[in-house]
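Working notes, structure below.
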Amino acid sequence: MGNWDPLIAAIVERGVAEIFPGGAAALAERLARTDRPLRIKLGIDPTRPDLHLGHSVVLRKLRQFQDAGHVAILLIGDFTALVGDPTGQSEARPRLTPAEVEENARTYLDQAGQILDFDTPGRLELRRNSEWLAGLTLTEIIELQAQMTLGQMLAKEDFAQRYQAGTPVYLHEFLYPLLQGYDSVVLQADVELGGTDQRFNLLTGRDLQLWKGQPPQFCLTVPLLEGLDGYQKMSKSKNNYVGLTEDPLTMYSKLEKVPDHLVERYFELLTQVPLAELPENPRERQVLLAKTIVTQFHSAAVAEAAQRAAQSLVLQGIPQETGSIPEFSLAQLQYPAKLSYILRESGLCKSAADARRQIQGGAVRLDGQKIEDPEIEFLSSEQLEGKILQVGKKFFRRLVRMAD
RNA sequence: GGGUCGAUGCCCGAGGGGUUAAAGGGGGCGGACUGUAAAUCCGCUGGCUUACGCCUACGUUGGUUCAAAUCCAACUCGGCCCA
């Protein structure tokens, strides 16, 4: 392709699934020629409380646009979250309450702030689509719906699959692409970003902009990041994710285990490390990946510490960097305290019965020493203070006495 | 509106009056192994810190039975077909 400005090249070349119309060259040209900052739209529905690395791919892309001088329009889909985007779901989403949406929106902004430039004036426009969607009249909704046919809707993969599989497809779900497209009209987006699963919705935006006499937006899709299981899309519900707010040790521990066949992809989508410079040794690659990403979200020093903690954890079974282990206050327990009870209260196990099973399975250690007796109990916090309670190889609690 | 089939644990899915906390698979967790992981093998996979005990569970409600996920009725929700 062309010899583009490095900022533009970064935008159109790395971490891109598809750009349309016209591909990377067309967008690059548009970016190079513009005499004003372009309006780059990214919509996120606050349907869950936490963002993960999968979301960060598109957020990073949006950040690149900011760095090149354009306006990031971060659209919180507080209204569309109530509709439920059927995209990528094999079934209709549960409807959320407005309170849940509001709560999620707040945490999203905190997390997005780790990646986007919230500070430089003029680089960020924060909007909520309830601003205009909540007030649509039935007449306007009907007009919107008149822009698309059933056949066009059924061209959307998810709808077609579900329809053929005999799973229910509700009519309100048809509204979703139209509403998302209408957002582009209102925001006068020049470019809209999204995952590849957003293709249909992004295109709907172009159709509706044309209908309203606007120049249609460019659409840039980013690949969907596979999760830690190595195959399925990263998602919280599949528990194959790395959360943006996770503590450094957890983040590091997860990332140093990314399956070999995905390591390069993670580098490509989640870092700026030149792919040609990756180490040969697969283990070194994983380590570099984990350190690079933890550094991005925290700092180089923290990443180093996490690495040391993770290493000593493997070698000796106990993290030396005790500062990176979550603490658990013994003051909130009632004594005598069964170990299974402590395990549950501390969040290491989901129930006392589960804790008992973990003990029987040989997974539980106290200060590195394996506990065999599921009935073991402690008479006071003194027996436990300062010790490290461990389940399996990954989960730790440092027992402390402070009351809080 | 009518007909018909269906609703089971995180998911899929067996079971069709008692021995069913409910087969099997997936997923998850743990153990062994390894460069972490993957693959493989093994174990666990409702809850209760008081446990040869109690509680909750097969769409909902009610009924028949000594006894129901299993039978009956109504209802709710879905698929398909007819209008």
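Note that these values count all heavy atoms, side chains included, but never hydrogens, waters or copies made by symmetry. By convention in this document, chain letters (A, B, ...) are assigned in the order of the sequence lines, proteins followed by strands, and residues within each chain are numbered from 1. Computed from a predicted structure; not experimentally measured.
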* Asked: In whole angstrom, what separates A:Tyr163's OH from B:rC80's C1'?
  -> 10 Å

* **B:rG17 to B:rC55 separation - P atoms, rounded to the nearest Å** => 26 Å

* Contact under 4.0 Å: A:Ser351 side-chain N or O vs B:rC48 OP1/OP2 -> yes

* Asked: Which whole number of Å gives the distance between the P atom of B:rA57 and that of B:rG13?
  -> 23 Å

* Does any nucleotide pair with B:rG18 by Watson-Crick or G-U wobble geometry, both distances under 3.5 Å, and what is it? -> B:rC66

* Structure fact -> Closest to the side chain of A:Glu256, out of B:rG78, B:rG35, B:rU36, is B:rU36

* What nucleotide, of B:rU49, B:rU36, B:rG47, holds the atom closest to the side chain of A:Arg344? -> B:rU49

* Nucleotide B:rG30, atom C1' - distance to CG of A:Leu343 in whole Å -> 13 Å

* In whole Å, what is the span from the OH atom of A:Tyr252 to the P atom of B:rA37? -> 13 Å

* Asked: Hey, does the side chain of A:Arg357 come within less than 4.0 Å of B:rG47's phosphate (OP1/OP2), counting only N and O?
  -> yes

* Can you tell me how far C1' in B:rU45 sits from the matching atom in B:rG25, rounded to whole Å? -> 14 Å

* Structure fact -> Against the side chain of A:Lys393, the closest entry in B:rU36, B:rG31, B:rU49 is B:rG31

* Can you tell me the pairing partner of B:rG53 across any strand shown, Watson-Crick or G-U wobble, with both distances under 3.5 angstrom? => B:rC48

* **Cation over ring face, A:Arg199 and A:Phe20, 6.0 Å, 45°** => yes

* **Base-pairing mate for B:rC29 - Watson-Crick or G-U, with both contacts under 3.5 Å** => B:rG43

* Can you list the steps and then say if A:Arg357 with A:Gln360 is a side chain to side chain donor-acceptor pair (under 3.5 Å)? -> CA-CA 5 Å; A:Arg357 284 182 222 114; A:Gln360 280 165 345; over 6 Å; no

* Would one find a side-chain N or O of A:Tyr341 under 4.0 angstrom from OP1 or OP2 of B:rC48? -> no

* Asked: Given that both distances must come in under 3.5 Å, which nucleotide forms a Watson-Crick or G-U wobble pair with B:rG9?
  -> none

* Base, sugar-phosphate alone, or nothing: which one does A:Ser340 contact when heavy atoms must sit under 4.0 Å apart? -> nothing

* Structure fact -> Of B:rU50, B:rG30, B:rG35, the nucleotide closest to the side chain of A:Gln286 is B:rG35

* Asked: Between A:Lys254 and A:Tyr241, is NZ or CZ placed under 6.0 angstrom from the six-membered ring centre and within 45° of the ring axis?
  -> yes

* N/O donor-acceptor pair, side chain A:Arg283 with base B:rU36, under 3.5 angstrom -> yes

* To do: Specify the separation, in whole Å, of atom CD of A:Glu372 and atom P of B:rG43.
  => 18 Å

* Specify the closest pair of heavy atoms between A:Leu38 and A:His70, including all atoms of both residues, with the distance to one decimal. => N-ND1, 2.9 Å

* To do: Under 4.0 Å between any heavy atoms, over every strand shown, what does A:Ala337 touch: base, sugar-phosphate, or nothing? Just pick one.
  => base

* Nucleotide nearest A:Asp260 (side chain, heavy atoms from C-beta), chosen from B:rC29, B:rA37, B:rU50 -> B:rA37

* Structure fact -> Nearest heavy-atom approach of A:Ser340 to A:Ala355 is O-CB, 3.5 Å

* If you look at every heavy atom in A:Ile19 and A:Ala24, which pair is closest and at what distance? -> CD1-CA, 3.8 Å

* Structure fact -> Closest of B:rU49, B:rG47, B:rA37 to the A:Lys350 side chain is B:rG47

* Considering only atom P, compute the distance from B:rG3 to B:rC54 and round it to an integer number of Å. => 46 Å

* What is the nucleic acid contact for A:Gln334, judged by heavy atoms within less than 4.0 Å: base, sugar-phosphate only, or nothing? -> base

* Nucleotide of B:rC48, B:rA51, B:rG79 approaching A:Arg356 most closely (side-chain heavy atoms) -> B:rA51

* **Option passing side chain to side chain donor-acceptor pair (under 3.5 Å) with A:Glu226 (candidates A:His261, A:Lys233, A:Arg265, A:Gln232)** => A:Arg265

* Asked: Using atom P of each nucleotide, how far apart are B:rA14 and B:rG53 to the nearest Å?
  -> 34 Å

* Asked: Which value, in whole Å, describes the distance between the C1' atoms of nucleotides B:rG63 and B:rU19?
  -> 26 Å

* Tell me which nucleotide among B:rA32, B:rG30, B:rU36 gets nearest to the side chain of A:Phe395. => B:rG30

* If you check every side-chain atom of A:Pro282, which of B:rC29, B:rU49, B:rG35 has the closest atom? -> B:rG35

* Partner of B:rC80 by Watson-Crick or G-U wobble geometry, both contacts under 3.5 Å, or none? -> B:rG3

* To do: Please state how far atom CD1 in A:Ile359 lies from atom P in B:rU49, giving the value in whole angstrom units.
  => 13 Å

* **Pair assignment for B:rA74, Watson-Crick or G-U wobble, requiring both distances under 3.5 Å** => B:rU60

* To do: To the nearest Å, give me how far apart NZ (A:Lys257) and P (B:rU36) are.
  => 10 Å

* **Separation of atom OH in A:Tyr231 from atom C1' in B:rG26, rounded to whole Å** => 16 Å

* Salt-bridge contact A:Glu256-A:Lys291 (side-chain N to carboxylate O under 4.0 Å) -> no

